[in-house]
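Single-structure report; data block below.
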Amino acid sequence: MPKSTGQRELFDSQPAWEEDDARRGIVATVVLPDGVDKPLDYLVPESLAAAVEPGKRVRVPLGRGNRERLAYCVALRSGELPQQPLKSVAGVEDEAPLLSPLMLELTQWMSEKWLARRGEVLEAVLPAGVRATRKRRSVPLLVATDAKPARKPSPTQVQVLAAATAPATAEELASRTGASRAVIARLVRTGMLAVAGEAGDAPPEDGRARIAHERPTELSPAQSGALEAIRAPMRAGRHETVVLFGVTGSGKTEVYLQAVEETIAAGRQAIVLVPEISLTPQTCDRFRARFGRVAVLHSHLTPAERHAQWREIARGRVGVVVGARSAIFAPTPRLGLVVIDEEHESSFKQATAPRYHARDVAEWIARNARVPLVLGSATPSLETFARCLAGEWTMCRLPDRVGGSQLPPVITVDLRDPSSRARGSVSPRLAAGMKWALEAGGQVMLLLNRRGFATHVQCRSCGHTVRCPQCDLALTVHRPGNRGICHGCGLVTRLAPKCAACDAPHPAQRGTGTQRLEDEVRGLFPGVRVARMDTDTMRTRGSHERTLDAFRAREIDILVGTQMIAKGLDFPDVMLVGVVNADAALHLADFRAAERTCQLVTQVAGRSGRGQLGGRVVVQTSTPDHPAILSAGRHDYEAFVRSELPVREALLYPPFGHIVRIVVRSIDERAAADWAEHIASRLRQEAGASAPTEAAGSPAIRVLGPAPAPIARLRDRFRYHVQAMGRDGAILRDLVRRATATVQTPDKVAWIVDVDPVEML
Ligand code: ADP
Ligand code: ZN
């Protein structure tokens with residue numbers, strides 16, 4: 001029997017003679033970075049057959065005008081061409097693929113999992129510097145030579161030569177000396193400047209490690225157990241997710257370091273993700289001191305620097321990549337290990353499209369590369385905890401601090417008791433604790449998760465609160481200057497001396513922010529050195545590190561700050577940690593409010609008493625009996641998890657169910673509300689239609705809303721949201737896809753889809 005395709009056997013309608021005419025060729029499937037979301041097919045002309053490859057960008061004609069667009073080639077197939085004629089690929093942009101087959105597959109998976117456009121995902125996976133390199137593919141570095149000039153060089157030439165004692169690009173030389181490109185070109189022609197390599201060859205040197213961390217001679221039994229749990233799958237070449245649930249100071253980082261050591265010894269590369277805020281020189285030094293060549297990918301890199309790092313990683317010259325969320329996409333050719341520190345941090349989820357979560361991406365990558373994924377936290381997310389309890393992931397507990405220091409006792413101050421607030425926001429108990437620590441030669445950290453001076457301005461006579469004209473938010477008072485600032489849109493206004501509603505004079509500045517707290521602390525402890533750390537004081541690059549260095553060097557006695565100070569810092573002399581208002585975030589309209597509060601208080605409490613002097617924690621709260629506060633006070637995060645999980649399960653909230661949140665925005669409130677209503681009804685229709693196909697007992701999909709979002713107006717846009725919830729993520733996403741596939745968004749309305757959101761406001 002002659003060989004034929006299944007299709008020809010089934011539909012043997014074509015006369016045999018047509019077979020010879022059937023056109024054969026190569027078809028490239030491409031995805032546009034924006035615009036059309038659907039993958040498009042193009043014919044690959046013979047002249048480009050060798051050059052077109054999946055993972056490269058190609059130029060393709062688009063639309064009736066055949067305007068050329070850049071697109072990502074995601075697949076190639078050769079064989080019979082379809083009936084309808086195809087347009088041809090016009091050119092190839094990249095010499096080598098920017099994306100490996102595995103990364104291409106990842107982008108497909110990501111676009112399905114987060115209902116994101118494939119083009120958007122492709123753009124997110126590749127850093128801007130890599131995407132924009134065509135024109136700058138090889139920028140030569142120039143350096144002055146010893147060649148004898150034929151003529152006496154002009155003053156400008158002398159300047160350029162002086163500037164080129166170290167290799168620099170022509171552009172750099174021009175901007176440093178004011179010389180024209182022609183002057184530089186002439187110097188190259190006459191041999192006075194020579195090409196000394198290519199820009200972006202070596203990553204910028206980040207300086208030497210400033211703090212040496214000795215490699216401890218012996219791991220604690222808990223550390224050894226954890227390291228063994230990582231080593232076993234590593235050596236067997238299989239994937240496993242290992243969760244290090246260890247109190248602050250239990251030596252988790254040391255376990256990561258030794259696991260990375262082993263990875264490098266095996267000739268492989270490791271990716272270590274940390275929250276952006278923890279990407280301090282201290283953290284990086286710890287890796288650099290141990291491993292030498294470490295690529296650090298932080299948000300301050302220029303596109304060119306990022307590209308340089310990217311290339312070094314891709315060439316396999318870097319053993320360890322340390323970075324924030326997007327470092328998970330680093331193109332490691334021989335990946336051996338992925339680590340996520342502080343895995344509970346919400347910054348691992350991207351807030352803009354594609355709204356991916358780096359933890360899920362890391363798991364996909366580690367699974368496909370058959371390498372271990374290590375997640376570490378003192379307060380693992382409930383999502384992570386649940387997967388450990390279900391036996392999917394391995395949990396290693398590190399319940400004690402290394403070196404035998406004890407977790408500090410926690411004193412709770414009930415803010416409902418008027419005597420606790422007699423003198424302002426620092427209760428007498430907290431002030432006494434601070435005094436105790438300072439007198440014993442220790443340092444103090446005070447956490448208040450609200451920046452500014454006062455949290456709102458309220459009329460003493462009619463109670464009117466000053467709100468942002470563009471947002472549904474109260475204005476925060478900031479000093480100096482006594483300005484009203486909106487934390488939603490950043491609007492800065494002068495505060496009126498009178499109430500806008502009733503004309504009464506001198507509205508009251510109520511509520512305490514970090515600025516007022518700083519003033520209050522200075523008043524309570526005259527002569528004591530106080531510093532404040534929040535986004536207002538940390539605007540310039542490096543100020544974060546400078547403040548922390550000063551605190552470490554004991555040039556600061558009391559550090560006042562927002563959650564910025566709660567993260568992963570190790571200061572042995574901190575003897576008192578005060579949480580000024582533990583419930584600040586407890587009552588937000590977010591089902592994770594309790595989890596976040598417990599995590600924050602537990603984390604900051606862990607900053608106290610790390611050294612020999614011991615320590616204490618004072619937590620001020622109006623809800624001392626809340627499980628989140630009680631558990632944090634006992635350093636028993638797991639107790640909170642066990643009390644919270646059943647609550648989540650009853651409501652089908654994550655980790656037991658999935659949520660797709662749709663946020664609709666419009667300058668016109670009616671339009672926003674109507675469109676949200678339309679989306680909600682489409683979702684309900686689809687949910688109703690699919691209900692009978694679901695197995696008995698499996699809960700149906702719930703659609704909540706539409707309702708005004710908790711922040712009902714932001715930057716002059718009214719916001720409405722709709723939530724679809726269901727136990728099975730794939731079914732839920734499918735339903736949302738069907739419900740929204742053909743909708744025509746009206747004018748003046750914008751809407752986003754957030755799968756498994758972490759931001760509910
Ligand atoms: P975590 O990451 O859990 O907060 P670290 O790994 O930073 O903990 O450890 C806290 C401190 O203890 C660090 O200064 C670290 O160098 C030190 N350390 C870690 N493991 C050991 C050990 N086995 N022996 C001695 N010191 C250790
Ligand atoms: Zn505003």
Side-chain angles (χ1 to χ4, degrees), residues 53 55-56 94-103 106 125-134 136-141 143 166-169 195-209 215 234 237 256-274 279 281 283-339 362 365-366 368-372 374:
E53 273 183 88
K56 284 184 182 177
D94 303 303
E95 273 166 19
L98 301 178
L99 294 146
S100 65
L102 192 67
M103 291 306 267
L106 171 69
V125 163
L126 289 170
V130 175
R131 282 183 270 126
T133 53
R134 183 164 176 260
R136 296 189 270 122
R137 193 173 303 141
S138 62
V139 179
L141 287 175
V143 68
T169 64
V195 175
E198 204 177 283
D201 262 357
E205 197 41 66
D206 283 282
R208 301 184 155 273
R215 188 179 188 285
M234 197 185 271
Y256 311 149
L257 287 166
Q258 298 206 12
V260 170
E261 231 167 68
E262 183 131 345
T263 309
I264 292 175
R268 298 186 149 216
Q269 297 167 294
I271 298 177
V272 181
L273 300 188
V274 302
L279 217 45
T283 313
C284 304
D285 282 357
R286 222 169 142 185
F287 282 87
R288 223 174 261 131
R290 214 52 90 75
F291 306 113
R293 292 214 76 161
V294 176
V296 178
L297 300 175
H298 54 73
S299 61
H300 294 300
L301 291 179
T302 64
E305 285 170 335
R306 193 166 275 268
H307 183 209
Q309 299 273 28
W310 193 261
R311 205 150 48 168
E312 290 295 291
I313 298 163
R315 286 174 183 168
R317 292 205 210 144
V318 172
V320 195
V321 180
V322 181
R325 184 176 61 231
S326 64
I328 191 60
F329 303 120
T332 47
R334 295 184 316 276
L335 186 65
L337 175 71
V338 183
V339 177
I365 290 176
N368 281 277
R370 287 192 283 281
V371 303
V374 178

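None of these values were measured; they are calculated from a predicted model. Just the heavy atoms: all of them, side chains too, but no hydrogens, waters or symmetry mates, feed the values below.
R317 and R293 make their closest contact through O-CD, 3.9 Å (heavy atoms, listed as atom of the first residue, atom of the second, distance). What you find for E53 and P97 is that their closest heavy atoms are OE1-CG, 3.8 Å. Listed here is the closest heavy atom pair of Q309 and A295: OE1-CB, 3.5 Å. Closest non-hydrogen pair, L279 versus A324, comes out as CD2-N, 3.9 Å. The two atoms that bring V260 and V320 nearest to each other are CG1-CG2, 3.6 Å, heavy atoms only. Taking all atoms of both residues into account, the shortest heavy-atom contact from A327 to V321 is CB-CG1, 4.3 Å.
The shortest side-chain heavy-atom distance between M234 and R268 does not fall under the 4.5 Å cut-off. A heavy-atom distance below 4.5 Å is found between the side chains of F291 and L257. Counting heavy atoms from C-beta outward, L126 and M103 have side chains that stay 4.5 Å or more apart. Contact annotation: the side chain of F329 approaches that of L106 to within less than 4.5 Å [non-hydrogen atoms, C-beta and beyond].
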Subject >> Verdict with reasoning, V322 to R288, per side-chain contact (heavy atoms from CB on, under 4.5 Å) >> reply: CA-CA 10 Å; V322 181; R288 223 174 261 131; over 6 Å; no
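The backbone N or O of I313 lies less than 3.5 Å from a partner atom in the side chain of Q269, making a donor-acceptor pair. Of the possible polar contacts, none joining the R290 side chain to the E261 backbone as a donor-acceptor pair under 3.5 Å is found.
Separation of atoms NE2 (H307) and CD (E312) is listed at 10.5 Å; rounding is to 0.5 Å. Here CG of L297 is found 11.0 Å from CD of E305. Values are rounded to the nearest 0.5 Å.
Tested against I365, the residues T332, L335, I271, V371 include a single side chain to side chain contact (heavy atoms under 4.5 Å, CB included) partner, L335.
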